[in-house]
K.L.:
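Pasting in a structure now, in C-alpha cells, and then I'll have a few things to ask.
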2 protein chains.
Amino acid sequence: MKPFSSYKNPALAVDLVVFGYHEQNLSVLLLNRKEAPFKDQWTLPGAFLQIEETFQQTCSRILKTKLGMDDVYLEQLFSFDDPARDPRGRVISVTYYALVNPHKLEIAAGKMANDVQWFNVKKIPALGFDHKKIFDKALQRLKSKILYFPVGFELLDELFTMSELHQLYECILGIEIDRRNFSRKMLVAEYVINTGQKREGLQNRHPELFRFNKKLKHHNFQLNIINP
Amino acid sequence: MKPFSSYKNPALAVDLVVFGYHEQNLSVLLLNRKEAPFKDQWTLPGAFLQIEETFQQTCSRILKTKLGMDDVYLEQLFSFDDPARDPRGRVISVTYYALVNPHKLEIAAGKMANDVQWFNVKKIPALGFDHKKIFDKALQRLKSKILYFPVGFELLDELFTMSELHQLYECILGIEIDRRNFSRKMLVAEYVINTGQKREGLQNRHPELFRFNKKLKHHNFQLNIINP
DNA sequence: CTTTCTTTGTGTCAAAATAACACAAACGGA
DNA sequence: TCCGTTTGTGTTATTTTGACACAAAGAAAG
C-alpha cells in the first residue's frame, strides 16, 4: 500500500497498569528493564503495537509473554503524547489498566519471572519514562470508577465476605468507611448477593459469603460511600 | 534518528468532536470531505499528527485552519484502533472533544467555510469512517461528565440565567428536570453565583444573571439531578 | 389603568436516604 | 465458663430529595 499520510508516523507503544489485590493491599505489577533506556529501572510492562494488532491484542500479548497472564479485565486509560517521554524518539503511548486476582492466576510468585514484581501502590519506586504519570492516572481512574462500577469484584475471589469487600474499598479509596453503612448500601443496591454459605476455619464468628450480582444495572447506579 | 522499533508504525490521526449550544439545542460541527475516501460525506474534523506535535497542538491546528477557532475547552476522549476503520490502511485515531460557545467565536455562520456546518445532535447525518462511533462516545462522555463537572459553563455565556442553565442540562441529558429543584441544587452546591444583575429587555419577569463559581471544589461534588 | 398571560423566585412537606451509633450473636482460645 | 474479637442487625436524629403551591414581575392587550 502506498503511503497516504505525508507525515512521518510516531512509534506507538501500549503500556499496562496491572492492579492486583494482595493481603489487603492494592499493588501494581512492575517490570525491571533489561535494556536501555532506563536499564535496571522499574517500568510498566509494555510493547510496541504491531501494524495489524488492535490495542487489546497488544495488551494480551504483553500479559501473555511478559507476565504469563490471560483473560483479565482491561480498560483503556489514556494516550500519552509528551514528545520527550521516550529518549529514543517520538513514541505515543496508549495505556490500559488491568484488574487481576492473583489467586486465580498461578503467577503469584511461581511462573512470574524474577524481573517482574508486585509493588504496594503506596510504595512505588521511581519509574522510567513517564510511567509515574501513567500510574497516577490509572490509580485516580480506579478510585473514581469504583464508586459507580463494580470494579472491585475483578480483584476478589468469586465468593468473598463483606469485610473483604469493605477493606478493598477502604484500601483503594484510602479512606475509612463505616462498616455497617457500607454493608447496608451494598445490600439494598443489590450490588452483592448473599450465597447463604459461610467461610469456615476462621477465628471468631464465621462470616457469610457473597457473590457479585451479575444482573446489576450499571447505569443509574450510584454508590455513595464517601464520608466528608 | 535510527528506528528503534522493529514494527511498522500505523498512521496516527486526531479527530475532534466539537460541541456547541445553539438556540437551546446541542450541536456538533461536521465537515464535508472534498477528497476520497468518503468524498462528499460528512465526517468529524481531523488531521494526521505531525511527528513533533502534541495531541493538543494537532487539535489547535484543526480548530484554527479548518474551523477558524481558537482557545476552546478540550478533553481527550478515546483512542480508536479498529484496523478497518480507514480504507486507506491502518490509522489509529486519537480523539478529543471540544466545547464551544458559538457566541464567543465569530464563526457562527460568517467565517465558517461552507463545507463546515453545525448539526443538531439529534439529526446527525451518516458519517464516514467510524466517526459515528466516536460521536456516540463523545455524547455519552458529555452526558456523564456534566453530572459531576461544570462542563456546561463552557457552552454558555459568562453570565446566564437559571433557565438557560436548566435548559442546557435537559437538552444534553435528554430528560426533564424539575426547574425548582434544579435551581435549589445549583445554589446550595454553590455551583453558580448570583451576580445581582438581571437580564433586561425580555418579556415577562426579568431573570437574575448567574456566573460559574470558579472556587468550586470539583472533587466530592455530586450533582444529583436525575429523576428516575 | 386594569386585566391577562407567561416566566421567575421562593416556599412547603412528606418520604427517602444518610451518618453515627448500640447491641447481641457467633466463634476460638484460655 | 469466660474473654476478646468479629459479624450481623438494628435504631434514631438529621439531611436530602421529589413533587408540588403560590405569589411577584414583567409585557401586551383592552
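In this text the structure is predicted, and so the values were computed from the model without any measurement. Every chain is numbered from 1, with letters handed out A, B, ... down the list of sequences.
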K.L.:
Tell me every residue that passes side chain to side chain contact (heavy atoms under 4.5 Å, CB included) with A:Arg211, counting only those two or more places apart in sequence or in another chain.
P.N.:
A:Glu158, A:Leu159, A:Ile193, A:Thr195
K.L.:
Please say whether more than 12 non-hydrogen atoms of neighbouring residues, nucleotides or ligands are located less than 6.0 Å from CG in B:Asp71.
P.N.:
no
K.L.:
Side chains of B:Trp42 and B:Gln117, heavy atoms from C-beta outward: is any pair under 4.5 Å?
P.N.:
yes
K.L.:
Tell me: CD of B:Glu176 to C1' of D:dC20, nearest whole Å?
P.N.:
15 Å
K.L.:
Count the heavy atoms of every other residue, nucleotide or ligand shown that sit under 6.0 Å from CD of B:Glu200, and state whether that count exceeds 12.
P.N.:
yes
K.L.:
Applying ring pair (Phe, Tyr, Trp, His ring centres under 6.0 Å) between B:Phe153 and each of B:Tyr169, B:Tyr73, B:Tyr191, B:Tyr21, report the one that passes.
P.N.:
B:Tyr191
K.L.:
Rounding to a whole Å, what distance do you find between B:Glu200:CD and D:dA25:P?
P.N.:
14 Å
K.L.:
Indicate for each nucleotide in nucleotides 5-14 of chain C, in 5' to 3' sequence, whether protein heavy atoms under 4.0 Å reach the base (B), only the sugar-phosphate (S), or nothing (-).
P.N.:
-BBBBBB---
